[in-house]
Amino acid sequence: MAELLLAGKGWIEPDSLGALLREALSDEYWVVDHPVVYGCPLDAIVVGPQGIWVLHDPDASGGGNEINIAKRAQRAAKAVRAFLRDEFPALQPPLRQLVLQDAGAAASEAPAGMEVEWVSREHVAAAIDAAPQPVEEPLADVEAREALAVAFRDRRLAANQHATRPFVFRSGSAFGSGTTVWTIRDAVRHMDRHPEDGIFHLRNGTLAQWLSEQGAEHLAELARQVVNRRETDMQVALERFLIGSGLVARPRLQVRPARLEMGCVLSGEVCSMRFRVQKGPGRGYLFGSLSTNVPWLHVEPRAFTGGPLEAIVT
């Protein structure tokens, strides 16, 4: 039985397409019922080891003639590919589209230039199972399939997709910019360049509220989590959010010297050496902690945030 994720209403009709696919497909597949991808509402998406399928059910959503189906298929393909470029740029799985038709109906031609297959409801699972495995196998890993399916269900606002209303950063103060952004990527870019704005809107919850309203619930929850950690340094909370968004590079760590040669230390003797931890070139607010994996080796201080750390190994 396939895993079924509900992107629309909170229940599934017994005779719906989602229920059919859940029962007919194996546990290798994830079915997303009524997702909205890049602003395009779809009847269902299936994620499996062979790739992605977009399913169209004309009887359920209306508009069953070939002209309308062709337009829907073109919109769906454009939306799904834009979503993948934004959210999973390293993935390039095959994309196929299936249109359901009555069992006794004559097979219709696929819209010109589109990889669309017309199948009956009773044969839809077989058509999915029969798809060939791609050579690169981008979705061979079950965790990759799950992450992609969950993203189709939850991420109604992708990184480059325009929101229904913009987010306006604070203004009217020494630090406020009043900048208006329409996309998640632009919001993250602004907070990276102006951390005071990012901290302000993380702390008062307005960023999380906007993200939640626009359908980026995964980032809204991340914003709430980093604030709930109650960091003493709010730039750490901001950096956790920025890195967690997946839209910025991690700060680079530099350690000088890279290796400590402490010579021969006999039992009962003590030897100490100093080294420096700092942020390398590029963006980011470096923070972290140091530890050792043997009881006879100690390092102090252990934690660092922001500026360089002079540490002593004993």
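- L202 and V227 get closest at one heavy-atom pair: O-CG2, 3.3 Å.
- One hydrophobic cluster holds both L222 and M234 under the rule that ILVMFWY side chains link at heavy-atom gaps under 4.5 Å.
- Comment: D192 does not engage R189 in a salt bridge, judged by the lack of any side-chain N to carboxylate O separation of less than 4.0 angstrom.
- The minimum heavy-atom distance linking G48 with Y29 is given by the pair CA-CD2, 3.5 Å.
- Take E213 and apply the side-chain contact (heavy atoms from CB on, under 4.5 Å) test, not counting sequence neighbours, and it matches R165, Q209.
- Among residues two or more places apart in sequence or in another chain, the side-chain contact (heavy atoms from CB on, under 4.5 Å) test is passed with A220 by L211, S212, E217, R224.
- Annotation for N160 and R185: closest pair OD1-NE, 2.7 Å, computed over non-hydrogen atoms.
- Minimum heavy-atom separation, P138 to P93: CG-CA, 3.7 Å.
- A heavy-atom distance below 4.5 Å is found between the side chains of L148 and I52.
- When hydrophobic side chains of Ile, Leu, Val, Met, Phe, Trp and Tyr are connected at separations under 4.5 Å, V265 ends up as a singleton with no cluster partners.
- Pairs passing the ring-ring contact (aromatic ring centres under 6.0 Å, His included) check and including a residue from residues 208-259, sequence neighbours excluded, read F167-W210.
- The distance from the CD atom of E136 to the CG atom of L91 is 12.0 Å, given to the nearest 0.5 Å.
- Under the 4.5 Å side-chain contact rule for hydrophobic residues, L242 and V181 share a cluster.
- The shortest distance between side-chain heavy atoms of V54 and V80 falls below 4.5 Å.
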**Request:** Determine, stepwise, if the pair I128 / L98 fulfils side chain to side chain contact (heavy atoms under 4.5 Å, CB included).
**Result:** CA-CA 9 Å; I128 293 172; L98 300 177; 3.6 Å; yes

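- Here CD of Q214 is found 6.0 Å from CG of L157. Values are rounded to the nearest 0.5 Å.
- A 4.5 Å side-chain heavy-atom check between C40 and K78 finds every atom pair outside the cut-off.
- The shortest distance between side-chain heavy atoms of I312 and R274 falls below 4.5 Å.
- Under the 4.0 Å criterion applied to side-chain N and carboxylate O atoms, E28 and R145 are not assigned as salt-bridge partners.
- Listed by chain and number, the residues in a side-chain contact (heavy atoms from CB on, under 4.5 Å) with R230 amount to none (sequence neighbours excluded).
- R302 contributes no side-chain N or O that, together with a main-chain N or O of S291, makes up a donor-acceptor pair within less than 3.5 Å.
- Nearest heavy atom pair, residue S272 against residue T314, reads OG-OG1, 2.9 Å.
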**Message:** Please evaluate residues E196 and R170 with respect to the criterion salt bridge (Lys or Arg N to Asp or Glu O under 4.0 Å), reporting the C-alpha separation (whole Å), side-chain torsions for both, the decisive distance (0.1 Å), and the verdict.
**Reply:** CA-CA 10 Å; E196 299 89 355; R170 64 179 180 162; 5.7 Å; no

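- No donor-acceptor contact under 3.5 angstrom links the side chains of E87 and Y38, judged on distance only.
- Under a 4.5 Å side-chain heavy-atom cut-off, the cluster of Ile, Leu, Val, Met, Phe, Trp and Tyr residues that includes Y285 is completed by V236, F287.
- To the nearest 0.5 Å, the span separating CG on D154 from CD on E221 amounts to 11.0 Å.
- Side-chain N/O atoms of Q235 and T305 include no donor and acceptor closer than 3.5 Å.
- Judged purely by atom type and a 3.5 angstrom limit, R283 uses its side chain to pair as donor or acceptor with the backbone of A249.
- In the hydrophobic clustering, V277 connects to L253, V255, L260, M262, M273, F275, L286, L290, V294, W296, L297, V299, F304, L309, V313, either directly or through intervening members, whenever side-chain heavy atoms lie under 4.5 Å apart.
- When side chains are defined from C-beta on, P281 counts as touching R252, because their heavy atoms get closer than 4.5 Å.
- Distance CD1/I199 to CG/L238: 5.5 Å, rounded to 0.5 Å.
- Not a single salt bridge (charged side-chain N to carboxylate O under 4.0 Å, His left out) links R85 to another residue, sequence neighbours left out.
- Judged by distance alone, the side chain of Q97 and the main-chain N or O of A73 form a donor-acceptor pair under 3.5 Å.
- Classification of R155 and D86 as a salt-bridged pair fails, no side-chain N sitting under 4.0 Å from a carboxylate O.
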**Request:** Determine, stepwise, if the pair V37 / Q161 fulfils side chain to side chain contact (heavy atoms under 4.5 Å, CB included).
**Result:** CA-CA 10 Å; V37 179; Q161 183 182 351; over 6 Å; no

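- Under the side-chain contact (heavy atoms from CB on, under 4.5 Å) criterion, A44 pairs with L17, L21, L55, sequence neighbours left out.
- Legend: residues meeting ring pair (Phe, Tyr, Trp, His ring centres under 6.0 Å) with H162, ordered by chain and number and at least two apart, are W182.
- Across W30 and A149, no two heavy atoms sit closer than the pair CB-CB, 3.5 Å.
- The neighbour count for E143 CD, taken as heavy atoms of other residues, nucleotides or ligands under 6.0 Å away, does not exceed 12.
- Between H34 and L6, the closest side-chain pair of non-hydrogen atoms is not below 4.5 Å.
- Between R72 and D43, some side-chain heavy-atom pair lies under the 4.5 Å cut-off.
- The main-chain N or O of F169 is never found under 3.5 Å from a side-chain atom of D197 such that the two would form a donor-acceptor pair.
- In this structure, a donor-acceptor pair under 3.5 Å is absent between the side chains of Q50 and Q133.
- The salt bridge (charged side-chain N to carboxylate O under 4.0 Å, His left out) search around R276 returns E310, not counting sequence neighbours.
- Expressed to the nearest 0.5 Å, how far CG of L20 lies from CD of E122 amounts to 10.0 Å.
- Residues that satisfy the ring pair (Phe, Tyr, Trp, His ring centres under 6.0 Å) test with F83, not counting sequence neighbours, are F152.
- Counting non-hydrogen atoms of neighbouring residues, nucleotides and ligands closer than 6.0 angstrom, the CD atom of Q92 reaches no more than 12 such neighbours.
- The backbone N or O of L4 sits nowhere less than 3.5 Å from a side-chain atom of R22 that would complete a donor-acceptor pair.
- The CD atom of E3 lies 12.5 Å from the CG atom of L25; values are rounded to the nearest 0.5 Å.
- A donor and an acceptor atom, one from each side chain of T206 and H201, are located under 3.5 Å apart.
- Residues Q101 and R121 have side chains not in contact (no heavy-atom distance under 4.5 Å, counting atoms from C-beta outward).
- Open room surrounds CZ on R193; 12 or fewer heavy atoms of other groups in view lie less than 6.0 Å from it.
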**Request:** Determine, step by step, whether I184 and S245 satisfy the side chain to side chain contact (heavy atoms under 4.5 Å, CB included) criterion, reporting the C-alpha distance in whole Å, the side-chain angles of both residues, the deciding distance to 0.1 Å, and the verdict.
**Result:** CA-CA 9 Å; I184 292 173; S245 74; 5.8 Å; no

**Asked** Is there a side chain to side chain contact (heavy atoms under 4.5 Å, CB included) between V116 and V99 once you walk through the steps?
**Response** CA-CA 7 Å; V116 178; V99 182; 3.4 Å; yes

